[in-house]
Amino acid sequence: MPGASSVEIRKVNKHHGQFHALKDVDLDILPGKVTCLIGPSGSGKSTLLRCINFLDEYESGEIRIDGQLIGYQSPGGARMPGRTLREIRRSIGMVFQQFNLWPHMTALGNVTEGLIRVRGLPKTEAERRAREALEKVGLSDKMASHPSRLSGGQQQRVAIARTLAMEPRLMLFDEPTSALDPELVGEVLNVMKTLATEGMTMVVVTHEMGFAAHVADQVAFMEKGELVSVDVPDKILHNPQDSRIKAFLRTYHERNSF
Amino acid sequence: MFSVATFLSSFEPLFWAARFTLLISVLGIALGLVIAALVCAAALSRFAPFRWLAALWVSFLRGVPLLVQLLLFYYLLPVIGIDVPALVAAVVTVGICASAYISEIWRGAIMALPTGQVAAATAIGMAPRDIWTRIILPQAFKLSLPALVNELILLVKASSLVSVVGILELTRASQAQAATTFRPLEVYLAAACIYLLINLFLAALGRYLEHRLAV
């Protein structure tokens with residue numbers, strides 16, 4: 001995919017009140033590759049993901065997208081003006097655990113909204129692109145439906161189409177299948193696999209170890225705000241050296257065996 | 001004996017007085033909605049003094065009975081050299097009082113929206129103005145409709161209080177009518193019917209709007 005972004009994360013720190021959510025986190029997100037963030041709940045995976053588009057504000061360290069610092073004018077400096085931040089966010093897609101579709105708009109309306117308001121496209125052009133994006137996620141027949149009429153899996157695919165239509169160079173997924181009934185997980189993962197093979201840079205917070213094993217180019221394991229280890233999936237998931245990863249995978253396997 | 005003729009003949013003079021009830025309610029509500037939007041914006045502002053002002057506004061106007069507010073306002077204005085007709089004073093007082101309740105209804109509706117709604121809009125790079133007009137307000141308005149209709153109905157009934165500043169609205173006119181005809185039961189029953197009619201209409205309007213905005 002031309003123009004896929006890279007992200008450099010250096011010594012990033014973040015507190016939620018007294019809680020030290022991210023501790024000196026270093027990570028390289030490689031262009032055109034899939035990075036999965038795994039780890040126990042509360043380990044800081046989602047916070048790290050939300051810092052990449054500055055939805056959560058990190059306090060120190062640097063996050064650079066294609067070399068450009070996000071959130072601050074200079075490392076440790078003043079906040080970036082809102083306009084500049086919005087321009088950077090245009091090329092970063094984000095998909096949420098709870099879909100976060102706008103319930104008062106149709107599926108098509110959800111997708112055209114950003115094209116019209118953010119990209120400034122005329123309505124007809126926005127609708128043409130929105131139809132394309134919805135077709136891509138397999139929802140051509142649901143364009144006029146409101147989110148409340150769609151299944152969870154369909155809603156999440158609309159959410160993916162909403163970000164895809166903006167032509168992002170980087171996509172962030174925050175536990176995209178965690179709120180779905182088990183039988184609906186596959187349809188969302190399939191769309192994500194397609195994006196991965198097309199060379200989209202993706203960062204995926206997930207508990208789907210199968211997806212991490214088969215689709216990720218690298219897997220990062222986090223615990224208690226620290227990035228414990230990052231490596232190819234096989235090393236992390238099948239030959240972990242760190243005892244914390246072993247313990248996490250053990251509980252995972254126990255929970256998923258029957 | 002209940003006199004059907006008196007009951008029926010009571011409607012005409014009472015309809016006349018009900019025009020004031022409607023006028024005060026409708027204008028009061030309209031004014032209340034406008035002020036409420038400002039108060040609600042102040043209450044949600046990032047600038048703390050605005051929030052304090054909004055809190056002060058709401059707590060005073062909710063804490064003092066409308067009847068007392070009407071009298072206060074009516075007697076205060078001439079003291080500070082403002083001479084307005086009683087009707088204007090009544091509409092302004094009702095509007096100001098309603099603004100306190102309506103602003104809280106809206107604040108509640110806005111706060112009830114899931115945070116993810118704004119997060120999704122922020123993430124695709126929408127500007128704050130668009131997030132408010134396209135994402136937050138349309139949803140919050142729809143959420144607030146049942147409470148808003150409730151408030152409007154309360155206000156129509158509370159408008160009977162403006163009789164204390166000498167306005168002959170529906171309740172005051174019924175009292176006068178009852179006193180002259182010596183037929184209180186027939187007259188008050190007619191007044192009750194008119195109030196009911198107005199409020200059934202408001203409730204129907206609310207349901208219609210809810211239906212229109214339904215997804």
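Because the structure is predicted, anything quoted here is derived from the model rather than measured.
Contacts of residues 34-58 of chain B with chain A at a heavy-atom distance below 4.5 Å are absent; not one residue qualifies. Within residues 59-72 of chain A, no residue approaches chain B closer than 4.5 Å by heavy atoms. At a heavy-atom separation below 4.5 angstrom, chain A is approached by G116(B), Q117(B), A119(B), A120(B), A121(B), T122(B), A123(B), I124(B), G125(B), M126(B), A127(B), P128(B) within residues 93-128 of chain B. Along residues 81-96 of chain A, the residues that come nearer than 4.5 angstrom to chain B, judged on non-hydrogen atoms, are R86(A), R89(A), R90(A), I92(A), M94(A), F96(A) in order of number.
Here the side chain of Q139(B) pairs no donor or acceptor atom with the backbone of H104(A) at under 3.5 angstrom. Proximity of a side-chain donor or acceptor of T21(B) to a complementary backbone N or O of L170(B) within less than 3.5 Å is detected. Remark: the backbone N or O of M80(A) is not paired with any side-chain donor or acceptor of Q73(A) at under 3.5 angstrom. Looking at Q156(A), its side chain does come within 3.5 Å of a backbone N or O of P176(A) through a donor-acceptor pair. With N110(A) contributing its side chain and T106(A) its backbone, the two residues share a donor-acceptor pair below 3.5 Å.
Between S6(A) and T201(A) the shortest side-chain heavy-atom distance does not fall below 4.5 Å. Annotation: side chain of P147(A) is not in contact with side chain of F99(A) (no heavy-atom distance under 4.5 Å). A 4.5 Å side-chain heavy-atom check between I160(A) and V188(A) finds at least one atom pair inside the cut-off. Between L48(A) and V203(A), every side-chain heavy-atom pair lies at or beyond the 4.5 Å cut-off. Looking only at side-chain heavy atoms (C-beta outward), L155(B) and I29(B) come within less than 4.5 Å of each other.
With respect to E132(A) and K136(A), no salt bridge is recorded, no charged nitrogen being found less than 4.0 Å from a carboxylate O. Here E125(A) pairs with R129(A) in a salt bridge; the nearest charged N to carboxylate O distance falls below 4.0 Å. Ion pairing between a basic and an acidic side chain is recognised when a charged N comes within 4.0 Å of a carboxylate O; E187(A) and R157(A) show such pairing. With respect to the salt-bridge test (charged N to carboxylate O, under 4.0 angstrom), the residues K14(A) and E57(A) do not qualify.
Counting all heavy atoms, side chain and backbone alike, S46(A) lies closest to D174(A) at OG-OD1, 2.7 Å.
From Y188(B), atom OH reaches atom OG1 of T171(B) across 8.5 Å, with rounding to the nearest 0.5 Å.
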